[in-house]
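Note that the structure is a prediction, hence the values are computed from the model and not measured. When reading the values below, keep in mind they use all heavy atoms of this one structure, side chains included, and skip hydrogens, waters and symmetry mates.
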Amino acid sequence: MEQKESSKSFLYLLLLICGILLVLSIIGFLLFVNHKPKIIDEEVNGGTVVLKYASDYSGIKMLKSIPTSDMVGVQSVEDGTFFDFSVDTSIDEATSIDYEISITKDKKTCNLPDEDIRIYLEKEESGTYAKVFGPDMFVGLKKETKIGSKKASMVIQSASKTKNSIDNYRLRIWLSDKSLVADNYCNIEVFVNGKAK
């Protein structure tokens, strides 16, 4: 009788151990199946694109501008009609950097319609400035670009760089000679956006 009791106890103990092992196996299998891979975010510094300028505002503040023809506007050197700036590109771990120069009308400080704003961009090449855009009227983007120029801004130059460089630009903006806005004012700001590849 005592032997039957001890074999029953042994059988219960064996079943209990098998049950525990079965439960642990099922839990382990479920954890393995539902395991999400560990994602490691590594921040890589591809490079930088910096807008540099000497004035106190990164653009042109038009105030009571006189309607001007394109022929005169592209050569104007009067205060408030041009903005000199540079785009400094430094490549770190990327192979190249694409950048866009865009301009934005400050809606709070602009009473001019788009067609009254004339835009002309030049880039310095071998000591002299050469045309890269315009003259043309302001046309805002319908949506943000892949490089990051905002909706309603206007892209006036795109470039791709494979080595460190400094590009010097001169932006000219004037009031169209067809404008009928007498008491005109408009702040137009310059932005640069870049994307490393």
[X] side chain vs [Y] backbone, donor-acceptor pair below 3.5 Å:
X: N184; Y: V181; answer: yes
X: N111; Y: D183; answer: yes
X: T68; Y: V72; answer: no

My understanding is that only one of V49, V155, N193 makes a side-chain contact (heavy atoms from CB on, under 4.5 Å) with I147; could you say which?
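It is N193, the one option of V49, V155, N193 that forms the side-chain contact (heavy atoms from CB on, under 4.5 Å) with I147.
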
As an exercise, state the distance from [atom1] of [X] to [atom2] of [Y], rounded to the nearest 0.5 Å.
X: I188; Y: I103; atom1: CD1; atom2: CD1; result: 5.5 Å
X: S179; Y: I117; atom1: OG; atom2: CD1; result: 9.5 Å
X: K105; Y: C110; atom1: NZ; atom2: SG; result: 4.5 Å
X: S90; Y: K161; atom1: OG; atom2: NZ; result: 12.0 Å
X: S86; Y: K52; atom1: OG; atom2: NZ; result: 6.5 Å
X: N187; Y: D106; atom1: CG; atom2: CG; result: 5.5 Å

Shortest non-hydrogen contact from M137 toward M154
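It is O-CE, 3.3 Å.
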
Might you point out which heavy atoms bring Y129 and E124 nearest each other, and give the distance in Å?
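Between these two residues, the closest heavy atoms are CD2-N, 3.6 Å.
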
Does a side-chain N-to-carboxylate-O contact under 4.0 Å join [X] and [Y]?
X: R172; Y: E122; value: yes
X: E144; Y: K150; value: yes
X: K146; Y: D98; value: no

Any link between [X] and [Y] through a network of hydrophobic side chains (Ile, Leu, Val, Met, Phe, Trp, Tyr) touching at under 4.5 Å?
X: F82; Y: I101; result: no
X: F133; Y: V87; result: yes
X: V132; Y: V192; result: yes

Positive for ring pair (Phe, Tyr, Trp, His ring centres under 6.0 Å) with Y53, one of Y169, F85, F83:
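That would be F83.
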
Let me see the working for E115 and S176 under side-chain hydrogen bond (donor to acceptor under 3.5 Å, both in side chains), right down to the final yes or no.
CA-CA 8 Å; E115 60 271 11; S176 168; over 6 Å; no

Scan side-chain atoms only and decide if Y99 and D167 contain a donor-acceptor pair under the 3.5 Å cut-off.
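Present: a donor and an acceptor within the cut-off.
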
Passes side chain to side chain contact (heavy atoms under 4.5 Å, CB included), I119 versus L121? Steps please.
CA-CA 7 Å; I119 302 146; L121 182 68; 5.7 Å; no

Checking K178 against D116 for the salt bridge (charged side-chain N to carboxylate O under 4.0 Å, His left out) test, could you report, in this order, the C-alpha distance in whole Å, the side-chain angles of both residues, the deciding distance, and whether it holds?
CA-CA 7 Å; K178 294 175 179 59; D116 283 2; over 6 Å; no

L171 and Y120: side chain to side chain contact (heavy atoms under 4.5 Å, CB included), yes or no, with the steps?
CA-CA 6 Å; L171 174 66; Y120 184 69; over 6 Å; no

Taking atom NZ of K123 as the centre, does the number of heavy atoms from other residues, nucleotides or ligands within less than 6.0 Å exceed 12?
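Result for NZ/K123: enclosed.
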
All N/O donor-acceptor pairs, side-chain side in residues 54-66, below 3.5 Å, sequence neighbours left out:
from : atom 1 : to   : atom 2 : distance (Å)
S55  : OG     : Y57  : O      : 2.9
S58  : OG     : E189 : OE2    : 3.0

Give the C-alpha distance, both sets of side-chain angles, the deciding distance and a yes or no for side chain to side chain contact (heavy atoms under 4.5 Å, CB included) between K142 and K151.
CA-CA 6 Å; K142 301 290 184 205; K151 179 182 176 181; 5.9 Å; no

With sequence neighbours left out, what residues match S76 under side-chain hydrogen bond (donor to acceptor under 3.5 Å, both in side chains)?
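Checked S76 against side-chain hydrogen bond (donor to acceptor under 3.5 Å, both in side chains); matches are T81.
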
Take K197 and I97 through the side chain to side chain contact (heavy atoms under 4.5 Å, CB included) test and state the conclusion after the steps.
CA-CA 6 Å; K197 294 194 291 185; I97 292 181; over 6 Å; no

